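All values derive from a computational prediction rather than experimental measurement. Remember, it's 1-based here, ligands and their atoms both numbered in the order they're listed.
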Amino acid sequence: MHTIKRTLTDLFVAELEALTGLDDVNPNVITASKPEFGDYQANGIMALAKRLGRNPRELGAELLTRLESAKCPLVARYELAGPGFINIHLSVEALRTRANIFLETPSSLIPATESPQTIVVDYSSPNLAKEMHVGHLRGTIIGDSIARVLERQGHRVIRQNHVGDWGTQFGMLITFMRESSAEADLALADLEGFYRAAKQRFDEDSEFATRARESVVKLQSGDPEYLEAWRSFIDTSLAHCQAVYDKLNVTLTMDDLKAESFYNPQLAGVVARLDAAGLLQESDGARCVFLDEFAGKDGDPLPVIIQKTDGGYLYATTDLAAVDYRCHVLNADRSLYVVDARQSLHFQQVFAVAAAAGFSDSRISLEHISYGTMMGSDGKPFKTRSGDVVKLVNLLDEAISRAYDLVSSKNPDIEEAQRQQIAQKVGIAAVKYADLSKNRTSDYLFDWSSMLSFEGNTAPYLMYAYARIASLLAKQGHNTQQKSLIPAGASMAPEEMALLLKSLQLAETIEAVAQDCFPNTLCTYLYELAGTFMRFYEACPIQSADEMTRSQRLSLCVLASEALKQGLNLLGIETLERM
Ligand code: ARG
């Protein structure tokens with residue numbers, strides 16, 4: 001079944017096309033901005049009238065006549081308003097029918113896509129030389145939510161964890177590891193410290209530095225002994241990452257790894273293909289691609305460096321090989337790169353060079369899903385008090401311990417073991433939700449007290465709203481999984497109607513997230529849903545209502561809880577029946 005918004009949009013498009021003879025109209029159907037405008041409104045008529053040189057009210061009136069005779073079962077009535085808006089009031093009957101379908105089969109609340117695609121989602125992708133730190137948090141969380149949403153719609157999602165596991169740093173690290181094995185084994189438990197120690201040695205001991213540089217060459221030429229040391233370092237580092245993913249309830253596994261080193265065998269071919277396409281130029285000894293669309297401040301074209309003077313390849317070279325792989329081996333229709341906004345020029349260049357050289361074709365959509373930096377309360381990139389980067393594991397442990405204190409003070413009589421379980425879920429959810437609920441393109445201010453608050457647009461608030469519905473259903477001898485339908489014929493208070501409609505709108509919210517990859521749209525929706533529920537709960541008593549009304553209200557509770565739960569799950573947040 002199409003979403004309400006899609007059904008209305010399709011109807012308006014069909015009628016407008018028949019009316020105007022055009023084939024590219026946009027009725028711009030949105031949810032009504034005010035309750036007096038009905039449930040939805042079409043805002044596109046004015047622009048269309050302008051394009052046709054017609055009076056918008058007149059065009060609107062003609063459209064109205066057609067809409068009325070089309071008799072869409074979803075619509076109770078239309079109104080022509082203002083300079084040419086059309087307000088849409090939905091039929092309570094039709095909404096009830098829809099709701100009952102979903103109550104019968106909750107999974108259908110989010111419809112499967114009619115055109116399933118193969119979609120690559122490249123996210124998290126840390127550099128393995130160091131331990132994951134807060135800088136990796138946003139991409140990991142946002143990417144995971146996008147992957148969940150697309151998968152839920154029935155797309156074939158291929159997660160790609162494009163970890164940085166190659167380059168000069170690894171020469172330094174394995175040399176350090178080989179030369180100080182006993183300490184190194186110990187120190188690897190703290191990768192961050194290990195990196196710092198190796199770096200210090202590298203800076204202070206020039207002979208060590210020379211051996212480190214030589215080891216890079218040995219590594220690159222495939223020396224088995226060096227490769228083995230490298231492999232063991234990488235495996236340790238990956239185990240650290242996996243522990244973070246598991247703690248975060250992020251769906252990435254070892255199977256999703258497609259490390260930079262995977263593309264090594266392709267890199268010489270990348271250079272050859274660029275050369276054959278006539279795109280390579282020498283500049284200061286390096287081999288570069290210059291494209292007209294990328295100019296520096298002085299107007300001179302900016303190079304995309306492909307191969308350095310010493311023969312080494314660059315980050316962009318690997319990404320070109322990855323575009324080729326995703327396009328021609330994985331056959332992806334879309335490839336999403338959930339990466340920090342600071343890499344936006346890099347991706348524009350890679351996408352442009354890839355298109356020019358045929359690493360991609362017009363069928364694939366390459367999209368940089370960028371996000372801003374995580375800031376501390378001082379407005380600077382988030383650091384520890386001593387100015388070090390914050391390790392992700394430590395941050396997550398702190399979130400869990402803060403949540404534990406919170407849960408203990410709110411609910412001291414919950415059993416200890418259960419309290420810990422709740423804290424685990426709430427703490428992680430709070431960190432994730434705080435991030436997901438902000439528009440990803442802006443920088444984001446990390447703040448413990450607001451993310452752990454039970455007021456406002458936070459995970460604790462939404463999880464609590466869910467638990468509250470579960471407990472009020474339990475009081476009525478009902479539960480969130482119970483099948484119960486809305487009986488025909490009972491009248492519906494405005495608060496009931498609002499809750500019904502809002503719950504059904506999960507479907508179109510998910511469609512929007514799948515399209516534009518802004519999970520904050522889903523957060524806003526869930527926050528509004530919880531608010532709509534609270535208003536319903538205050539206005540519509542359940543216990544004292546007559547049997548038919550009571551049953552309608554219980555069904556609405558089940559429907560709303562289902563929408564809340566499914567929505568939170570797509571953000572990677574688990575709900576609790578009690579907290
Ligand atoms: N490892 C890179 C970094 O830490 C991110 C990789 C993103 N993905 C990509 N295909 N370039 O900055």
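Of the inter-residue distances, the one linking L366 atom CG with D122 atom CG reads 11.0 Å to the nearest 0.5 angstrom. Between the NE2 atom of H136 and the NZ atom of K391 there is a distance of 13.5 Å, given to the nearest 0.5 Å.
In this structure, atom 12 (O) of ligand 1 lies nearest to the protein heavy atom Q343 NE2, 2.9 Å. Of the protein's heavy atoms, S125 O, 3.6 Å lies nearest to atom 4 (O) of ligand 1.
More than 12 heavy-atom neighbours from other residues, nucleotides or ligands sit within 6.0 angstrom of CZ on R273.
Each of the following atoms of ligand 1 lies closer than 4.0 Å to a heavy atom of Y315: 2 (C), 5 (C), 6 (C), 7 (C), 9 (C), 11 (N). Residue Y337 approaches ligand 1 through these ligand atoms, each under 4.0 Å from one of its heavy atoms: 10 (N). Proximity to F347 (heavy-atom distance under 4.0 Å) selects the following atoms of ligand 1: 9 (C), 11 (N).
Here the shortest heavy-atom distance to atom 8 (N) of ligand 1, taken over D122, V323, V120, belongs to D122. Taking all heavy atoms of D319, L128, N161, V163 into account, the minimum distance to atom 11 (N) of ligand 1 is reached by D319.
Geometric assessment of K258 against the ring of F262 yields a positive cation-pi assignment under the 6.0 Å and 45° thresholds.
Taking 4.0 Å as the cut-off, H136 does not count as a neighbour of ligand 1 on heavy-atom distance.
The aromatic rings of Y337 and F347 lie tilted to each other, with the angle between the two planes from 30° to 60°. Using bins of under 30°, 30° to 60° and over 60° for the plane-to-plane angle, the ring pair F446/Y444 lands in the perpendicular bin.
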